[in-house]
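The structure under discussion appears below in the form of structure tokens.
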Amino acid sequence: MKKILAAVSTFLLIGAIAFAEGSFLANDLETSESVTEAIALNGFTVNASKDKDVRVKNTSKVAPDGKSFKKCLDLRGKQSNGARTIKFSAKKGETVTVYGNSGSKTDDRTILVQTAKKKTILKVPVKIYTGEISMGEVKIPEDGDYQVCSEDKGVYVYGIIVK
């Protein structure tokens, strides 16, 4: 019986490693005016620091594909020393979908999906906050670690889906 349990456990662990599918949904975070340390959620890590904090805000938005969001993660600016990023692992061929808005009521902005070495593999133009949620998708080019961040100024991230 112990051998069977060990074999099943090993199989499940290998399956979890082989498939990095998952989702980051701001809906699952606690609302906060200032997040100053890393938060782990479903295989994703929101990175923040005391001088480069992020916020979790209440909102009510629906994406073009019908997904409903009650919260967003306000990255509050460009990434700096790893802060103001959402990091995750993905496998070659998986599709990453990012949902976001500009943090501005007057200017559109851009959300980036980057490799761990900060090579941009997707630029998602995001509309002003008062507009619709923007979406972008990219196929992952190789197994590895990736991050979502702002190209320049504050953006709101509602969700990241890896499948």
Side-chain angles (χ1 to χ4, degrees), residues 20-29 31-35 38-49 51-163:
E21 292 186 10
S23 62
F24 165 84
L25 300 174
N27 291 348
D28 297 334
L29 298 172
T31 303
S32 176
E33 281 300 310
S34 182
V35 176
I39 301 171
L41 179 68
N42 301 330
F44 293 76
T45 303
V46 175
N47 293 289
S49 65
D51 62 330
K52 299 293 180 186
D53 66 327
V54 298
R55 294 180 183 159
V56 180
K57 300 172 77 168
N58 290 318
T59 187
S60 182
K61 295 268 188 178
V62 177
D65 66 358
K67 285 192 179 28
S68 180
F69 297 96
K70 301 292 181 203
K71 294 181 183 176
C72 65
L73 179 68
D74 179 358
L75 291 180
R76 303 194 64 214
K78 187 175 184 174
Q79 71 95 14
S80 176
N81 296 321
R84 295 183 172 162
T85 61
I86 304 165
K87 296 191 177 190
F88 60 96
S89 295
K91 300 289 182 185
K92 180 179 180 175
E94 289 182 318
T95 300
V96 174
T97 305
V98 178
Y99 299 85
N101 270 124
S102 169
S104 169
K105 292 181 182 175
T106 58
D107 298 316
D108 293 347
R109 296 191 177 153
T110 304
I111 293 175
L112 305 176
V113 178
Q114 299 179 320
T115 66
K117 294 181 180 178
K118 296 187 177 83
K119 177 184 175 192
T120 300
I121 61 169
L122 176 67
K123 288 186 173 192
V124 183
V126 290
K127 299 174 184 173
I128 60 173
Y129 175 69
T130 57
E132 291 182 354
I133 288 179
S134 299
M135 294 172 52
E137 285 189 347
V138 64
K139 282 225 183 272
I140 294 298
E142 62 187 8
D143 293 2
D145 296 326
Y146 293 85
Q147 69 179 18
V148 170
C149 60
S150 173
E151 182 176 57
D152 186 24
K153 298 182 179 177
V155 294
Y156 297 157
V157 177
Y158 297 90
I160 304 167
I161 309 293
V162 179
K163 59 180 174 177

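All residue numbers in this chain count up from 1 along the given sequence.
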- request: List the steps, then state whether side-chain contact (heavy atoms from CB on, under 4.5 Å) holds for Leu29 with Phe24.
  value: CA-CA 9 Å; Leu29 298 172; Phe24 165 84; 3.8 Å; yes
- prompt: Does the pair Val46 and Val54 meet the rule for a side-chain contact (heavy atoms from CB on, under 4.5 Å), with working shown?
  reply: CA-CA 9 Å; Val46 175; Val54 298; 4.0 Å; yes
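Inter-residue side-chain proximity for Thr110 and Val155 is flagged as unmet; no heavy-atom pair is nearer than 4.5 Å. Between Tyr146 and Pro141, the closest side-chain pair of non-hydrogen atoms falls below 4.5 Å. Side-chain contact check for Ile128 versus Asp108: some heavy-atom pair is nearer than 4.5 Å. No side-chain heavy atom of Lys91 sits under 4.5 Å from any side-chain heavy atom of Ile140. No side-chain heavy atom of Lys67 sits under 4.5 Å from any side-chain heavy atom of Met135. Using a 4.5 Å heavy-atom cutoff, the side chains of Lys71 and Thr31 are in contact. A heavy-atom distance below 4.5 Å is found between the side chains of Ser60 and Lys70. Using a 4.5 Å cut-off on side-chain heavy atoms (C-beta onward), Leu73 and Ile86 make contact.
Annotation: Asn81, atom CG; neighbour count of heavy atoms from other residues, nucleotides and ligands within 6.0 Å does not exceed 12.
Summarising the geometry of Val98 relative to Val113, their closest heavy-atom pair is CG2-CG2, 3.7 Å, with the distance given to 0.1 Å. In terms of heavy atoms, Asn27 sits closest to Ser68 at ND2-O, 3.4 Å. When every heavy atom of Ile111 is checked against every heavy atom of Val148, the shortest pair comes out as CG2-CG1, 3.5 Å. Contact between Lys61 and Ile133 at its shortest, heavy atoms only, is CB-CD1, 3.3 Å. Here the closest non-hydrogen pair linking Ser102 and Val126 is N-CG2, 3.5 Å. Contact between Gln114 and Cys149 at its shortest, heavy atoms only, is OE1-SG, 3.4 Å.
No side-chain donor-acceptor contact under 3.5 Å links Asn47 to the backbone of Ala38. The backbone N or O of Ser34 lies less than 3.5 Å from a partner atom in the side chain of Ser32, making a donor-acceptor pair. The main-chain N or O of Asp74 is never found under 3.5 Å from a side-chain atom of Lys57 such that the two would form a donor-acceptor pair. Under the 3.5 Å distance criterion, the side-chain polar atoms of Arg55 are matched with a main-chain donor or acceptor of Glu33. Although no hydrogens or angles enter the test, the distance criterion places no donor-acceptor pair under 3.5 Å between the side chain of Ser80 and the main chain of Ala83. A donor-acceptor contact shorter than 3.5 Å links the side chain of Arg84 to the backbone of Asp53. Remark: side-chain polar atoms of Arg109 are paired, donor with acceptor, to backbone N or O of Gly154 under 3.5 angstrom. Here the side chain of Asn101 pairs a donor or acceptor atom with the backbone of Glu132 at under 3.5 angstrom. Between the side chain of Ser134 and the backbone N or O of Lys127 there is at least one donor-acceptor pair closer than 3.5 Å.
In this structure, Ile121 CD1 and Lys139 NZ are separated by 12.0 Å, a value rounded to the nearest 0.5 Å. Taken to the nearest 0.5 Å, the CG atom of Leu112 stands 5.0 Å off from the CD atom of Glu151. Within the model, atoms CG of Leu41 and CZ of Phe88 stand 13.5 Å from one another, a figure rounded to the nearest 0.5 Å. Considering OG1 of Thr95 and CD of Glu21, their distance stands at 9.5 Å, rounded to 0.5 Å. Going from atom CG of Asp145 over to atom OG1 of Thr45 covers 9.5 Å, rounded to the nearest 0.5 Å.
For Tyr99 and Phe69, the gap between ring centers is short of 6.0 Å.
Aromatic ring orientation, Tyr129 versus Tyr156: perpendicular (interplanar angle above 60°, classes split at 30° and 60°).
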